[in-house]
Protein chains: 2
Amino acid sequence: MSLMAELRNTEARRSKSERKLIDYVLANPEAVLNTPIARLAAAVGVSEPTVNRFCRAMGAQGFPDFKLRLAGELARSRPSMTRDIEVGDAASHVAAKIFEATHASLDSAHNNLDYKALEKAVDALHDARAIVLCGLGASASVAQDAQHKLLRFDTPVTTHSDIINQRVAAAGLAEQDCLVCISYTGRTRAIVDIARMGRDCGATVIGLTAPGSALARACELVLAVEGGEDTELYTPMTSRIAQLVIIDVLVTTLALRKGSAFADRLRAAKHSLAGTRVR
Amino acid sequence: MSLMAELRNTEARRSKSERKLIDYVLANPEAVLNTPIARLAAAVGVSEPTVNRFCRAMGAQGFPDFKLRLAGELARSRPSMTRDIEVGDAASHVAAKIFEATHASLDSAHNNLDYKALEKAVDALHDARAIVLCGLGASASVAQDAQHKLLRFDTPVTTHSDIINQRVAAAGLAEQDCLVCISYTGRTRAIVDIARMGRDCGATVIGLTAPGSALARACELVLAVEGGEDTELYTPMTSRIAQLVIIDVLVTTLALRKGSAFADRLRAAKHSLAGTRVR
DNA sequence: CCAATTAAGTAGTTTTATTACATTTTTGAC
DNA sequence: GTCAAAAATGTAATAAAACTACTTAATTGG
């Protein structure tokens, strides 16, 4: 299992100090790399030996080795800079680069998938009285896609890409409801507000966003998707693809959880389209 | 430039000791990672400060930082995926299958990409007075995604996911306009009608759909995406992902075609979001 | 060949990481 | 609840590693 995934997945069974460390590393993985053990220990609020023991527990030989592993991990999950696109590329080159970057982004998303959170999210969606999806900008289309998939189930699903409607909907949530907030960066203030409102109402708030971001912190459950494409100009939004695939996983797992009784319903959904088709 | 490549490329213009170091690092990159500076210096036959200076010359902050960079480099070049799904939980198996299917779908889309059609589509979008995007159901979110990307350019873009509005918009197209119709199956009657209406108006009609389908036949230009997910019940819509990536390629190629003057506009688009962000 | 310049080394200093041991906290039996 | 055992965490000293200032050697261009 990848280091970051291991951190997330084993967090529950670890001690208090170790959880603090995990939280910090997940939130600022890059920062850890150029931080000496003393400063990290101080920042997290634990002692140096605790950090060292933690590194060993994670399978490293010590703190420096832990940093090396983390560096490898991060490098791998970040599509390499050589993949940026330059002017003068023919369409086929552009295509090759974009497909490659997308493959890499998918691998990264797969390796970093937090199954614990995923299972919990499936539970939440399964038990929800109603599901509300919120996204803005590019994430609005992700939300819409998710809605389309979730419509096949028997839980009412609504999607909002209008911040006023989002607020109204979020303010009206009940405890049995489930709110899904989508954002690449996790830094869009409006969505962070929505997540907070959802939690204030007692609803289960799921974030499909960058780990460690403001939105991630505001959500009860986080399905992590590294952002990262906000920097380059021409680079496509590969993490959006990762989000969509995670939604696929989420919905498919949910379908399985709903059980075979639901196969009929899915068949009916499909059948409903027959009249719209030509040959 | 990547670190290893830089090592190789600059070897000629470096001093004797540095060349010895480069040779050693290129020969045993992995070994360097768990070697302290003293041992490395001894192994290469130079002094410790020489190693340190060398690391700085390579752009690192010092020896430890050099190792971190090297670790990232190596991680990236190592066969990336170790498809290790351990736990017997449902979610990880579902995830593995879906990611695999998505990879396959991407490969297929890449291999079947018609660059001629792609270039023509880019030309059409480049020259268009206005762009209209139409999609229904799951394709509506694809259309919305495309719109979000195209909004950065200076051509007016509208998206319709309502069949009445689609018809009104399609009926009002002019010769200089471009209509993009999106559908997995290419068999949705409503969208086929829209494409025909668009052609009747003299607009350039681009179809992002299954090759050979009714919609494909109705369009002037076809960007082919194999459907195929209509059969299985639980299988996710992987071809939607392929469509999105093709849109990435289309838009990126268009951006390059628009030229460097457009970099400013893209930057402005990005900058416009600054006010919406939190830390 | 000899200043000027650059490269490399030595030795000492500082920073960083680790170890051994002490203290606190948690756990589980009664 | 109380107490002992075990686990977790912290303190302080030690060891390891990296870096700096300075010296010596090598290289280069006149």
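Side chains included, hydrogens not; waters and symmetry mates left out as well; all remaining heavy atoms used. Proteins get letters first, then strands, A, B, ... in listed order; numbering begins at 1 in each.
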Visitor: Quickly work out the A/F54 CZ to C/dA17 P distance and round it to whole Å.
Guide: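 Result: 15 Å.
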
Visitor: On a heavy-atom basis, which atom in A/H160 and which in A/Q166 lie closest, and how many Å separate them?
Guide: O-NE2, 2.7 Å

Visitor: Taking atom NE2 of B/H110 and atom OG1 of A/T102, what is their separation to the nearest 0.5 Å?
Guide: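 Answer rounded to 0.5 Å: 10.0 Å.
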
Visitor: Separation of A/R19 atom CZ from D/dA8 atom P, in whole Å?
Guide: 12 Å

Visitor: Could you tell me whether the side chain of A/S213 and the main chain of A/A210 form a donor-acceptor pair under 3.5 Å?
Guide: yes

Visitor: Pick one: which of A/T204, A/I194, A/L133 meets side-chain contact (heavy atoms from CB on, under 4.5 Å) with A/L179?
Guide: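 When A/T204, A/I194, A/L133 are each tested with A/L179, the side-chain contact (heavy atoms from CB on, under 4.5 Å) holds only for A/I194.
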
Visitor: Counting only side-chain N and O atoms of A/S47, is one of them less than 4.0 Å from OP1 or OP2 of D/dT11?
Guide: no

Visitor: Checking A/L74 against A/E30 for the side-chain contact (heavy atoms from CB on, under 4.5 Å) test, could you report, in this order, the C-alpha distance in whole Å, the side-chain angles of both residues, the deciding distance, and whether it holds?
Guide: CA-CA 8 Å; A/L74 293 176; A/E30 298 279 353; 4.1 Å; yes

Visitor: What's the CD-P distance between A/E18 and D/dT9, to the nearest Å?
Guide: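 To the nearest whole Å, that distance equals 6 Å.
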
Visitor: Round to a whole Å and report the spacing from CG of A/L40 to P of D/dG10.
Guide: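 Computing the A/L40:CG to D/dG10:P distance gives 13 Å.
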
Visitor: Just checking A/V51: base, sugar-phosphate only, or nothing, at a heavy-atom cut-off of under 4.0 Å?
Guide: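 No contact.
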
Visitor: I'd like a list of close polar pairs between nucleotides 18-21 of chain D and the protein, N/O only, cut-off under 3.5 Å.
Guide:
residue	atom	partner	partner atom	Å
D/dA18	OP2	B/I37	N	2.4
D/dC19	OP2	B/N52	ND2	2.3
D/dC19	OP2	B/F63	N	3.0
D/dC19	O5'	B/N52	ND2	3.1
D/dT20	OP2	B/R56	NH1	2.9
D/dT20	OP2	B/R56	NH2	3.2

Visitor: For residues B/T50 and B/S47, is any side-chain donor paired with an opposing acceptor at under 3.5 Å?
Guide: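 Their side chains do contain a donor-acceptor pair, which is all the 3.5 Å distance test asks for.
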
Visitor: Check the distance between D/dA8's P and A/I22's CD1 and give it to me in whole angstrom.
Guide: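 In whole Å, D/dA8 P and A/I22 CD1 are 13 Å from each other.
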
Visitor: Is any side-chain nitrogen or oxygen of B/T50 closer than 4.0 Å to OP1 or OP2 of C/dG9?
Guide: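 Answer yes for this pair, as a side-chain N or O of B/T50 is under 4.0 Å from OP1 or OP2.
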
Visitor: B/L21 CG to C/dA7 P: how many Å, rounded?
Guide: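 Result: 14 Å.
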
